[in-house]
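Here's the structure we're looking at; comments come further down.
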Amino acid sequence: MKEISSKYVPSEVEDKWYGHWKKKGYFHSEPDQREPYSIVIPPPNVTGILHMGHMLNNTVQDMLARKARLDGKNVCWVPGTDHASIATEAKVVKMLREQGIKKSDLSRDEFLEYAMKWKEKYGGIILKQLEKLGASCDWERTAFTMDKIRSESVIQAFCDLYERGTLYRDYRIVNWDPEAQTVLSNEEVIYTEENGSLYHIKYKIEGSSDEYITIATTRPETIMGDSAIAVHPDDPKYAEMKGKRALVPIINRSIPIIFDDYVELDFGSGALKVTPAHDINDYEIGKRHNLETIDVLNANGTISEAGEILVGMDRFKARKAILPMLEEIGQLVKTKDYVKSVGRSERTNSIVEPRLSLQWYVEMKALAQPALDAVENDEVTFFPKNQKNLYRHWMENIRDWCVSRQLWWGHRIPAYYYNEDVYVAATSEGALAKAKKDHPNITIDDLKQDEDVLDTWCSSWLWPITCFQGFHSREEMDYYYPTSVLVTGWDIIFLWVARMIMAGYEWEGKRPFKDVYFTGMVKDEKRRKMSKSLGNSPDALKLIDDFGADGVRFGIMSSSPAGGDLLFDKKLCEQGRNFSNKIWNALRLVKGWEEIDVAQPAENKLAIFWISQKLNEIIASVESDFKQYRLSEATMTLYNFIWNDFCSWYLEMIKPPYGEGIDLKSLQSTVELFEKMVIILHPLMPFLTEEIYHLLKERSDGDDCIISSYPNIIAVDKSLLKSMVGIQSIIGKVRDVRASNGLKQKEELTLLVESEQDVDQLYKTEGAIEMIEKLAFLAAFKSTQSLPHDGVSFMADNRKFFIPLELEINIEEEIDKIKKEISYADGFLKSVEKKLSNDNFVNGAPDHVVANEKKKQVDGIERLKILNESLKKIKS
RNA sequence: GGGCGAUUAGCUCAGUUGGUUCAGAGCACCUGGUUUACACCCAGGGGGUCGGGAGUUCGAGUCUCUCAUCGCCCACCA
C-alpha cells in the first residue's frame, strides 16, 4: 500500500479533480430523457471579485447541484456575469480619470471601447475564482448580460412592453446621482440617518422695511430656486401674511406666501420654503399652486446659471459659502443640529439629488398581480417562507419602475425620435419603417436614437429566460424552464427576485423557478456587515488556501440557516479543515488494516449492523433536510455522524488490536460504508470525497464520486438503535469511573451487573457483551446476585452496575450521590403517576402517549427499587 | 408613521401538526490523557426558570393576550 500522509493536503487534490471533472464533461448538460435540474447563477458584477457573499451563495448552489446530480438528474447550472451598468461605468470613469482622460472628452463609441477592454481584462476573474470553490457550473454555457443573445432579448422585451402599452415616458422628480449623472430607481437609493444642520433664515416681506418671515431649511444653497413660502392655513402666527410676498435673500426675487396644509405647524418656524425643482414634496405643492420651477443645480450637482449666485460651485461648497453671505445681511437667524435621513446612491455612494427629468417608466401594477399570486399560493415557494410577507407588502404597494439611465455602458434604449414623435423598434430600420407612416419623406439620418441605456435590472429580470435563449428558440426553454431553484440574498428580493417572477409570467406565462432559497447576509462575528472600509471581509481565496475549499465550504454551510445572517468566523473554516483531516485519517486507518483469514468477531457483526442502521437514519434525515433547504442542519448531521458515530464509535468497535489484521467481511463492509458515507458528503465537500472515493477502491474509468448514485433510503431498525444507546451508556459510565477515579485508560477492570440471570441472558443482542468488554477495556463482564463491598457502582441502561476496586470509598459522598438519584427518580415517578391518575389525561391523551407513560411508570418503580436497595446496602 | 420578525447554555443556533425527564447541537470552558488513524487528536465533565407576566389545556419551549428589549423592511421628516 502506498504511504498516505497523516495530514490531508487540499492543494494536492483540488485542482486535480476539478480538472478531471471538467475534462470528463460532468458539468455540461444537454437536454435528454432525464429529469432536468436547472439553476441560473445570480450573475456577479463583471468587474467584481469574489467576496464572502458569493462564496455563500455559490456553495449553496453547488451543494444543491451536486446533490441533484447524485440523484440522477440532468443538472444544468448556468454561470454568467452582469454588465452592472452604473457600477462598471463608474469604475471605468475612475480608471480613465486616473489616466487623465475625462469621460466628457470621449465619444460614446470611444468610451465603450475602453469599457469593453476593461471587461475583457477583469470580467472573467470572478468566474475563475468560483472554480476554486468547486462550483460545478456548465462553463460551456457562460452567459453575459450584454452578449449578443442577452442584448437582443433585452431590446425585444423593451419593444414588447412598448407595444403592450406598459412603457411610458414622463417628467418627474427622480433620484439623481450627480456623480454618475444618471437617474436611479427607488431601489437603488440607500437611506441612512446622518448629522446635519437646520438653518433658520428670514425672508423680508416685500414692501416693508422691517417685517420678516422665518423659514427653516437643511438646504440653504437652494434658496435661489424658491418659488414660494408656504404656511399652514390654520396657523395664527401667519394669518396676516395672506396675499403678501417675500423677497428671496441675496437675490431679492419676489415670491408669494401661500397656504398649504402640507406644512406642519410645529416644525421649525412653521414656514416652509418651497423649491419645486429640488424636493419631491415641494414639487407637489408647486403643482397645486401653479408655482414656477427653478432648477438651480446642474446635472453634476453644481449651481446652475439659474442660481444667479455661486454659479458653478458644488452644492455642498455652496451650502457652506452661502451661510456667511446670509449672516452678513443679518438674515441667518440660527443654526441647529439636526439628524436627517440622507439618500445615497447604492453604486457611487454620492448623495442623491431630487431632480426633475424626463425618463422612461414601466407600468408595474398589471405585471405585479400574477407574480404576487404565484408567491401567495406557493407556486413559487420561498425558503424561509417569512420572506413572503416582505414580498407581499412591496408588491401591493409597487410603484412604476424607472428604467432609463443616463449612461453609456448598457443596452441603449431602442427608442428613436423625430422631433416630438417617438418610434420604438429593435433596429433603426424598424423605427424608420414606423416613422415613414407619419412622415413619408424622412430618412434614417433624421431619426435620433435615445442617448440613454436601460437599467441593469432590465437584463437581470429576464435572466432565467435568456440563459436558455428564451427570446430566440424553444428547444432549451421547453426542457430547462422553469428552473428548479434560485439562490440569492434577500436584499435583492425587490430589485431582482420579484422582477424575475413578473417577467416569467409576462413572457412565458410560467414561474421562472420553483423554489427560492434566500441566503442571509454575511457578517463578521460582531454582527457587522462585511465591508471594504471596515476591513472585516476576509480574502476568500486565501481562506481556500489556508483551509481547503472543502474546509471553507463546511465553514460557510455549518452556520448559515436560510434567511438568517451568516456570522462568519474563520474558526468555522478551521473546523471544516479539521473535519477533512478527521475523515482523511479514518481512511488511513482503514487502509492500514491487513486482511486476515479469521472468523468475524461477534462485536464486529453487531457494529456493522448498527452503523448501517445509523447511516440509513442519517440518509433519511439529510434527504429531508435537502427537501426543506435546511442545509446547515444537513451539514451538522453529517458532521456528527461521521465524527462521532463512524469514527469515535464504529471504527473503535471494529478496530483490531495493534499489529493484528482484520477479517475480510468486516473490512469489506467498512469500505462499503465508507463509500456510501463519502457519497452523501460529496455535495458539501466534493474534493476530499472524490479523492477518498478513489483511494478506497480501484475504479474503472468514469467511475467517479461526482456521478455516482446517492444511496437509497432504507427502513431503519429502531429497536437495535435503541439497545445500542444502552450499550453506549454502559461504556460511557465505565469510562467515567476511570476518569473520576484517576484510573488509566488501559487498566483492565471487571464489570459486574446485579442480576439473577447470567449476563449473556441479560444481553441477548449478539456481540453486545464482547463490544462492551472491548470498548470499556474490561477483563470481564459478569452478573452477580450480591455485589461486593469495595468498589464503585452506577446505574445505566436501567440496571445497576458495579466495578470492584481497591479504593477508599467516601461513604458520605456515595450516599449523597445515591440520594440525589433517588430524589430525581422519585420526582420522575411522581410526575408520571400524577399524569396517570388524572382521568382527563388517561381519557384525553392518545393511546401511545398513555402507554408510554405506563412504561415509564414501570421502569421508574424498578429503578427506584434498585436505588433504595443500594442505599440500604451502603449504609449497612 | 406603517408593517414584519426575533428573544432557548458564555457564543451561534436546532427544537417539525402542543405529548417520553424534552430542554438539544456545534463552538467555547473545565479535568485527565503522548509509542499503537488523527494534538487539525482522544476520554470524561459542568452549564439554561426556554425574555417578564397572564391565559387556554389533562399537559405549553411549542397556542392566545400583554409588557419589555432587539433586529429588519417600507414610507417620510422643511
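Below, chain A is the first sequence line, B the second, and so on; all start at residue 1.
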ask   = Are any of A:Tyr639's side-chain N or O atoms less than 4.0 Å away from OP1 or OP2 of B:rC27?
value = yes
ask   = Is there side-chain contact between A:Val248 and A:Met224, with heavy atoms separated by less than 4.5 Å?
value = no
inquiry  = Taking the C1' atom in each of B:rC73 and B:rU66, what is the distance between them to the nearest angstrom?
reply    = 25 Å
query = Is it the case that A:Ser621 and A:Glu617 place a side-chain donor and acceptor less than 3.5 Å from each other?
reply = no
Proximal nucleotide (of B:rG26, B:rC40, B:rA75) relative to the A:Asn581 side chain = B:rC40
inquiry  = In whole Å, measure the gap between the C1' atoms of B:rC40 and B:rG47 for me.
reply    = 27 Å
ask   = Should A:Asn389 be listed as having a side-chain N or O under 4.0 Å from OP1 or OP2 of B:rC73?
value = no
key: B:rA60 versus B:rG52 - spacing of their P atoms, nearest Å   = 15 Å
request  = Please confirm whether any donor atom in the side chain of A:Lys7 sits under 3.5 Å from an acceptor in the base of B:rC40, or the reverse.
outcome  = no
message = Run the side chain to side chain contact (heavy atoms under 4.5 Å, CB included) test against A:Glu187 and tell me which residues pass, sequence neighbours left out.
response = A:Ser185, A:Trp394, A:Phe494, A:Leu495, A:Arg499
message = Looking only at the side chain of A:Trp643 (C-beta and beyond, no hydrogens), which of the listed nucleotides B:rC4, B:rC42, B:rC58 gets closest?
response = B:rC42
remark   = A:Arg528 meets the side chain to side chain contact (heavy atoms under 4.5 Å, CB included) criterion, sequence neighbours left out, with A:Asp524, A:Lys526, A:Leu534, A:Asn536
query = How would you list all residue pairs meeting salt bridge (charged side-chain N to carboxylate O under 4.0 Å, His left out) that involve residues 552-562 of chain A, not counting sequence neighbours?
reply = A:Asp62-A:Arg553
query = Does A:Arg735 make a side-chain N or O approach to OP1 or OP2 of B:rG44 shorter than 4.0 Å?
reply = yes
inquiry  = Enumerate the salt bridge (charged side-chain N to carboxylate O under 4.0 Å, His left out) contacts for residues 636-645 of chain A, please, sequence neighbours excluded, ordered by first and then second residue.
reply    = none
query = If you measure from the C1' atom in B:rU49 to the same atom in B:rG53, how many Å do you get, rounded?
reply = 13 Å
request  = Among B:rG44, B:rC73, B:rA14, find the nucleotide with the atom closest to the side chain of A:Asp736.
outcome  = B:rG44
ask   = When you check the gap from the basic side-chain N to the acidic O, do A:Asp569 and A:Lys571 get nearer than 4.0 Å?
value = no
query = When the C1' atoms of B:rA14 and B:rG24 are considered, how many whole Å apart are they?
reply = 7 Å
inquiry  = I want to check one thing: is the phosphate of B:rC41, taken as OP1 and OP2, less than 4.0 Å away from some side-chain N or O of A:Asn578?
reply    = yes
request  = Name all residues meeting the ring pair (Phe, Tyr, Trp, His ring centres under 6.0 Å) criterion together with A:Tyr283; count only those two or more places apart in sequence or in a different chain, and write none if there are none.
outcome  = none
message = Distance check, C1' atoms only: B:rG15 and B:rG48, in whole angstrom units.
response = 14 Å
remark   = Quick note, A:Ser648 side chain, CB onward, closest among B:rC42, B:rC38, B:rG19 is B:rC42
task = Counting Watson-Crick and G-U wobble pairs whose two distances are both under 3.5 Å, find the runs of 3 or more in a row that involve RNA chain B.
result = B:1-7 with B:68-74, B:10-13 with B:24-27, B:29-33 with B:41-45, B:51-55 with B:63-67
Rounded P spacing from B:rG61 to B:rU16 in Å = 12 Å
inquiry  = As a test of reading the structure: which of B:rG44, B:rC73, B:rA37 is closest to the side chain of A:Ala586, going by heavy atoms?
reply    = B:rA37
N/O (side chain, A:Arg738) to phosphate O (OP1/OP2, B:rC42) under 4.0 Å = no
